[in-house]
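Reckoned from all heavy atoms, side chains included, excluding hydrogens, waters and symmetry mates.
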Amino acid sequence: MRFRRRNVTGCLSSHCVRKAVRSVMIQTLIIPGLNGSSDEHWQRHWTRENVQSSVVEQENWTCPVLAHWQAKLDEALSNTDGAFLVAHSLGCLLAASYANRHQAGLIRGALLVAPCSLETTLKMHPCMIDFGIEPLERLPFPSLVVGSLNDPYMSVPQLERHVKAWGSELSTIGFAGHINVASGFGHWAQGYDFFEHLVRRSMFSQRWTSTAVSHGAMIRSSSF
């Protein structure tokens with residue numbers, strides 16, 4: 001199926017979306033998790049390879065406080081006309097905490113890779129994280145969760161619970177650990193495929209929402 005979106009890329013085919021993702025049209029905010037992402041982490045590779053991608057840097061990566069991390073993301077979003085989020089681990093919970101925040105309107109979509117369970121993470125890193133309660137409200141923006149079947153930070157039942165609560169789409173990539181450098185994910189080319197899928201989904205949703213408004217009708221878009 002093909003859809004036209006003249007004011008962004010001219011079409012919603014895979015070729016057009018891939019071209020847009022590689023161009024300056026898709027502004028992306030990279031959100032690392034606890035301890036940040038090392039220089040060899042796929043998120044840092046992503047930033048170096050895409051001119052419109054930037055890391056939301058935190059003042060304290062080792063003892064994160066949700067309010068402080070939200071303030072940095074608020075600032076980053078306010079400097080855009082709207083951006084996609086590419087989050088990893090605890091960064092996914094930061095993105096998920098935006099379910100009811102005002103700045104959520106600037107989030108076009110979120111790629112949530114290897115989200116962590118806050119309960120599990122607190123047990124593994126006691127007295128280090130002040131992140132409130134587990135964010136389990138439905139997200140007002142398109143989201144795609146990429147998970148692993150043997151992630152030490154989130155079991156499969158926990159993963160399914162979070163995906164259902166967030167209203168996300170889920171893709172699992174087998175026994176991939178925490179999808180980080182330690183589990184062999186430095187340069188991660190497949191990540192772009194997932195991102196392109198998210199962009200298509202976001203554009204599809206925006207197109208039908210605009211159609212519904214223009215015709216005074218409510219049209220419910222289906223996920224891919």
Side-chain angles (χ1 to χ4, degrees), residues 8-9 17 20-116 118 121 128-135 137-146 162 166-168 179-180 188 191-192 194-199 201-203 205-206:
V8 178
T9 63
V17 173
V21 170
R22 297 294 193 268
S23 75
V24 298
M25 295 181 183
I26 304 297
Q27 190 157 7
T28 310
L29 297 177
I30 308 297
I31 307 177
L34 181 66
N35 296 321
S37 294
S38 69
D39 193 55
E40 292 306 311
H41 194 284
W42 60 265
Q43 286 186 310
R44 299 289 178 175
H45 283 289
W46 192 307
T47 306
R48 290 191 291 269
E49 294 170 354
N50 296 272
V51 296
Q52 281 295 86
S53 295
S54 58
V55 175
V56 179
E57 299 286 0
Q58 300 292 341
E59 292 182 3
N60 191 332
W61 287 113
T62 58
C63 296
V65 176
L66 178 60
H68 297 169
W69 279 32
Q70 286 175 331
K72 287 293 186 180
L73 181 52
D74 283 344
E75 180 182 357
L77 284 168
S78 68
N79 290 322
T80 74
D81 294 323
F84 284 87
L85 308 184
V86 176
H88 178 257
S89 192
L90 193 65
C92 297
L93 300 193
L94 173 60
S97 75
Y98 273 67
N100 294 308
R101 287 180 68 81
H102 175 68
Q103 294 281 44
L106 289 171
I107 300 174
R108 296 181 178 179
L111 180 63
L112 307 174
V113 181
C116 63
L118 184 57
T121 305
M128 290 179 60
I129 302 167
D130 181 4
F131 241 62
I133 62 174
E134 198 94 42
E137 296 186 70
R138 190 174 186 86
L139 301 179
F141 43 81
S143 56
L144 170 60
V145 173
V146 180
H162 283 66
W166 293 339
S168 304
I179 315 181
N180 57 5
W188 183 38
Y192 289 117
F194 288 120
F195 185 65
E196 288 161 8
H197 179 86
L198 172 68
V199 172
R201 180 181 172 190
S202 175
M203 291 179 176
S205 176
Q206 290 174 27

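- Counted within 6.0 Å of CG on Asp81, heavy atoms from surrounding residues, nucleotides or ligands total 12 or fewer; the atom is thus considered open.
- Taking the side chain as every heavy atom from C-beta outward, Leu94 and Gln70 approach each other to under 4.5 Å.
- Judged by distance alone, with hydrogens and angles left aside, the side-chain atoms of Gln43 form no donor-acceptor pair with the main-chain N or O of Ile30 at under 3.5 Å.
- Separation of atoms CG (Leu118) and CD (Glu134) is listed at 5.0 Å; rounding is to 0.5 Å.
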From CA spacing to verdict: side chain to side chain contact (heavy atoms under 4.5 Å, CB included), Arg48, Asp39: CA-CA 10 Å; Arg48 290 191 291 269; Asp39 193 55; 2.9 Å; yes
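- To the nearest 0.5 angstrom, Gln103 atom CD is 10.5 Å from Glu75 atom CD.
- Scanning both residues, Ala76 and Val56, for their nearest heavy atoms gives CB-CG2, 4.0 Å.
- Every residue two or more places apart in sequence or in another chain that forms a ring pair (Phe, Tyr, Trp, His ring centres under 6.0 Å) with Trp166 is listed here: His162.
- The NE2 atom of His88 sits 9.0 Å away from the SG atom of Cys116 when rounded to the nearest 0.5 Å.
- Contact between Ala95 and Leu139 at its shortest, heavy atoms only, is O-CD2, 4.5 Å.
- In terms of heavy atoms, Met128 sits closest to Thr62 at CE-O, 3.0 Å.
- The shortest heavy-atom contact between Arg138 and Ala99 is O-CB, 3.7 Å.
- At a threshold of 4.5 Å between non-hydrogen side-chain atoms, the residues Asn60 and His68 do not count as touching.
- Note that CD1 of Ile31 is 11.0 Å distant from CG of Leu93, once rounded to the nearest 0.5 Å.
- The heavy-atom pair separating Cys92 from Ala114 by the smallest distance is SG-C, 4.5 Å.
- Here the side chains of Gln52 and Ile26 are not in contact, with every heavy-atom distance at 4.5 Å or above.
- When all heavy atoms are compared, the tightest approach of Ile179 to His41 is O-NE2, 4.4 Å.
- Residues Leu34 and Ser89 fail the side-chain proximity criterion, which asks for heavy atoms closer than 4.5 Å.
- Under the side-chain hydrogen bond (donor to acceptor under 3.5 Å, both in side chains) criterion, Ser168 pairs with Ser143, not counting sequence neighbours.
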Check against side chain to side chain contact (heavy atoms under 4.5 Å, CB included), Val113 and Phe194: CA-CA 10 Å; Val113 181; Phe194 288 120; over 6 Å; no
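- When each of Thr47, Asn50, Leu112, Leu111 is tested with Val86 by the rule side chain to side chain contact (heavy atoms under 4.5 Å, CB included), just one qualifies, namely Leu111.
- Evaluated for a ring-ring contact (aromatic ring centres under 6.0 Å, His included) with Trp42, the options Phe195, Trp188, Tyr192 yield exactly one hit, Trp188.
- Summarising the geometry, atom CD belonging to Gln58 is positioned 9.5 Å from atom CG belonging to Leu90; distances are rounded to the nearest 0.5 Å.
- Remark: Phe131 pairs with Trp69 by the ring pair (Phe, Tyr, Trp, His ring centres under 6.0 Å) rule, at least two apart or across chains.
- The line from CG of Leu85 to CZ of Arg108 is 11.5 Å long, rounded to the nearest 0.5 Å.
- Considering only heavy atoms from C-beta on, Asp130 stays 4.5 Å or farther from Leu66 through its side chain.
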